[in-house]
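Everything on this sheet refers to the single structure shown next.
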Amino acid sequence: MTQEIDKTKLIHITNDRYRPAYHIATNGGWLNDPNGLCFYKGYYHVFYQYHPYSAEWGPMHWGHVRSKDLIHWEQLPVALVPGDPEDSGGCFSGSAIVKDDRLYLIYTGHHYYGDGDLDHFWENQNVAYSDDGIHFTKYEGNPVISAPDDNAQDFRDPKVWQHDGKYYLVLGSREKKTNHGRILLYQSTDLLHWEQVGTMFDTKTVKNTGKMLECPDFFHLNGQDVLLCSPMGLESTGKNFMNLSQVCYSIGQLDYANCQFNGSDLQELDKGHNFYATQTFETPDKRRVMIAWTSPFNEEMPEKADGWAGILTIPRELSIVDGHLYNKPVREMKKLRAHPDLDGELTIDGTTKLEMSDPQHSEFNFAFPEATDGQLSWQLNDSQGALLSITYRDGEVVLNRRGQDGKRYASVPAGIMNLRIFVDTSSVEVFINNGWVSFTDRYYADGPVSYQLTSDHQISLMAENYALK
Ligand code: FRU
């Protein structure tokens with residue numbers, strides 16, 4: 001049995017005021033996690049958690065876009081529609097892998113017990129496949145993993161990879177009794193039959209204890225292994241872990257023989273207000289590329305009134321240098337540059353306006369002289385004044401967004417060397433020191449936006465600003 005979209009119920013967009021120009025978003029309806037990132041038959045594919053019938057989270061489908069260049073995305077028909085016995089309550093997050101020229105999706109089937117309590121559910125894992133990268137068939141032997149091995153409440157978000165001729169997947173889980181988050185490791189030879197081979201990571205063994213680790217990811221990068229996950233319920237420690245949930249990473253080593261991952265304490269990957277549920281994949285030229293959901297957590301999303309909700313981040317390339325995970329925009333982003341608005345040396349003493357020809361679709365690049373001390377600020381204004389700013393002072397960067405709980409922090413002990421910012425109508429992505437740290441935020445401007453740079457001392461810097469198409 002395979003479900004179909006009810007086209008008569010689709011929600012449509014009524015207003016473009018917050019629509020991004022170059023980020024992945026729906027053509028109507030709700031979006032959350034990126035899923036199934038892969039390269040297949042000449043296209044990059046991104047799927048996403050999708051509710052096509054309203055701008056609210058609902059029974060999850062898999063929306064689908066593809067691209068030849070990682071920056072221009074084409075909407076394709078919905079890939080997975082829930083409602084079959086294996087995914088009665090939703091097709092939750094999962095991943096993709098190519099085997100024998102066939103594209104496999106491995107995803108979580110979400111099921112409610114039917115007592116009206118949305119927190120009363122169980123989960124299993126399923127496969128769907130495609131030979132054209134557009135039309136998907138759910139595997140007739142689903143589910144491929146029917147239940148967790150023990151007393152787990154949550155059991156979802158499979159991320160699959162291949163190693164030494166075998167397939168592995170990690171699943172996020174939570175022990176019902178102890179409330180600890182765990183990442184379970186499974187192994188297979190054919191993607192269809194899986195056995196659990198261990199608990200790869202358990203929050204009992206690390207300092208910061210999340211109660212459920214959503215969207216786990218695992219990959220080998222620059223000679224080391226990396227575990228990424230989105231823990232729920234990490235406690236805030238001053239200026240760290242300030243969001244309701246965040247994306248964390250640990251760098252270490254997976255011992256395949258005993259299925260244990262030994263790694264560093266969980267570090268926060270992005271310091272902005274809106275960053276969650278990352279997924280990565282390897283491009284044909286061997287780059288590790290990551291996309292996240294620019295998650296609202298408990299914030300309002302004014303675009304809901306316009307018939308849609310949610311965007312994904314731009315694709316970012318990961319690398320490890322000196323034990324630190326960098327994330328920076330993929331190099332393809334340069335192809336979005338329409339023309340330069342500023343290119344050359346800029347001297348600031350006080351406040352300088354940055355004139356942008358297409359203010360809501362802009363890229364800013366600033367390179368600072370070596371010994372930058374004192375205060376420096378980039379600011380986005382709307383008709384009410386300052387809406388969002390990035391300020392560097394004494395080894396710390398502060399993002400300040402107008403409204404409640406506006407500040408987020410990152411320490412930049414090496415000082416600030418460069419700052420790169422992408423603005424796209426209702427999102428800002430900030431990269432400091434070539435991606436040593438990033439901030440991802442949604443913003444909703446009241447009227448046209450303008451920009452300024454402010455410094456409390458005279459400083460000359462190199463600026464390269466572009467209008468993006
Ligand atoms: C993360 C998440 C996943 C789940 C999906 C459901 O945002 O909660 O754990 O699979 O969203 O939409």
Side-chain angles (χ1 to χ4, degrees), residues 24 26 29-37 46-64 78-83 86-96 105-112 118-128 143 145 148 152-160 169-174 181-184 203 210-218 227-234 243-248 269-270 273-280 290-299 301 309-313 440 442:
I24 296 170
T26 71
W30 165 275
L31 162 154
N32 55 291
D33 314 356
N35 294 156
L37 268 54
V46 173
F47 303 82
Y48 51 83
Q49 290 286 281
Y50 179 41
H51 186 227
Y53 304 133
S54 87
E56 301 290 340
W57 190 89
M60 281 290 113
H61 297 53
W62 275 36
H64 187 190
V78 169
L80 296 177
V81 179
E86 65 263 50
D87 50 34
S88 59
C91 299
F92 272 23
S93 285
S95 54
L105 307 180
I106 304 196
Y107 69 97
T108 297
H110 193 73
H111 304 265
Y112 296 104
L118 292 188
D119 287 330
H120 198 194
F121 60 81
W122 58 279
E123 294 173 318
N124 60 11
Q125 318 307 324
N126 301 294
V127 162
I145 307 176
Q153 163 63 16
D154 301 77
F155 179 58
R156 60 176 173 270
D157 308 341
K159 177 71 200 300
V160 63
L169 66 76
V170 274
L171 274 167
S173 186
R174 173 162 70 95
R182 292 182 308 159
I183 294 179
L184 310 177
T203 57
K211 60 178 189 281
M212 162 62 187
L213 304 168
E214 296 193 303
C215 303
D217 197 344
F218 174 83
L227 190 62
L228 272 186
C229 58
S230 297
M232 298 166 81
L234 275 194
N243 295 336
L244 206 56
S245 298
Q246 37 268 309
V247 175
C248 292
L269 180 52
D270 182 287
H273 289 90
N274 309 112
F275 188 85
Y276 197 61
T278 45
Q279 191 169 107
T280 72
M290 170 185 79
I291 295 180
W293 170 35
T294 311
S295 163
F297 299 110
N298 46 7
E299 296 164 11
M301 299 175 94
I311 59 171
L312 300 183
T313 64
T440 303
R442 295 296 303 271

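By convention here, the first residue in the shown sequence is residue 1. Counting starts at 1 for both ligands and their atoms, following the listed order.
Between Tyr276 and ligand 1, not a single N/O pair is under 3.5 Å apart. Some N or O of Trp57 is nearer than 3.5 Å to an N or O of ligand 1, by distance alone.
The main-chain N or O of Trp122 is never found under 3.5 Å from a side-chain atom of His111 such that the two would form a donor-acceptor pair. At least one donor-acceptor pair under 3.5 Å links the side chain of Tyr276 to the backbone N or O of Ser230.
Ligand 1 places these atoms under 4.0 Å from at least one heavy atom of Met60: 12 (O). Close contacts between ligand 1 and Gln49 involve ligand atoms 5 (C), 6 (C), 12 (O) [criterion: under 4.0 Å to a heavy atom]. Counting atoms of ligand 1 from 1 in the listed order, those under 4.0 Å from a heavy atom of Ser93 are 5 (C), 10 (O). Numbered from 1 in the order shown, with element, the atoms of ligand 1 that lie under 4.0 Å from a heavy atom of Arg156 read 3 (C), 4 (C), 9 (O), 10 (O). Within ligand 1, the atoms closer than 4.0 Å to a non-hydrogen atom of Asn32 are 5 (C), 6 (C), 7 (O), 11 (O), 12 (O), numbered from 1 in the order shown.
Looking from atom 1 (C) of ligand 1 to the surrounding protein, the closest heavy atom is Asp33 OD2, 3.0 Å. Nearest protein heavy-atom neighbour of atom 8 (O) of ligand 1: Glu214 OE2, 2.7 Å. Looking at atom 10 (O) of ligand 1, its nearest protein heavy atom turns out to be Asp157 OD1, 2.6 Å.
Under the 3.5 Å distance criterion, with hydrogens and angles disregarded, a donor-acceptor pair is assigned to the side chains of Ser93 and Asn35.
For Phe92 and Trp57, the gap between ring centers is short of 6.0 Å.
Atoms SG and CD, from Cys91 and Glu86 in turn, are 8.0 Å apart once rounded to the nearest 0.5 Å. Note that CZ of Arg182 and CG of Asp154 are 10.5 Å apart. Values are rounded to the nearest 0.5 Å.
In this structure the side chain of Phe275 never reaches within 4.5 angstrom of the side chain of Asn243, judged on heavy atoms.
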* Please report the C-alpha distance between Thr108 and Gln125 in whole Å, then the side-chain angles of each, then the deciding distance to 0.1 Å, and finally whether the side chain to side chain contact (heavy atoms under 4.5 Å, CB included) criterion is met. => CA-CA 5 Å; Thr108 297; Gln125 318 307 324; 2.8 Å; yes
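Contact between Thr108 and ligand 1 is absent, with no heavy atom of the residue lying under 4.0 Å from the ligand.
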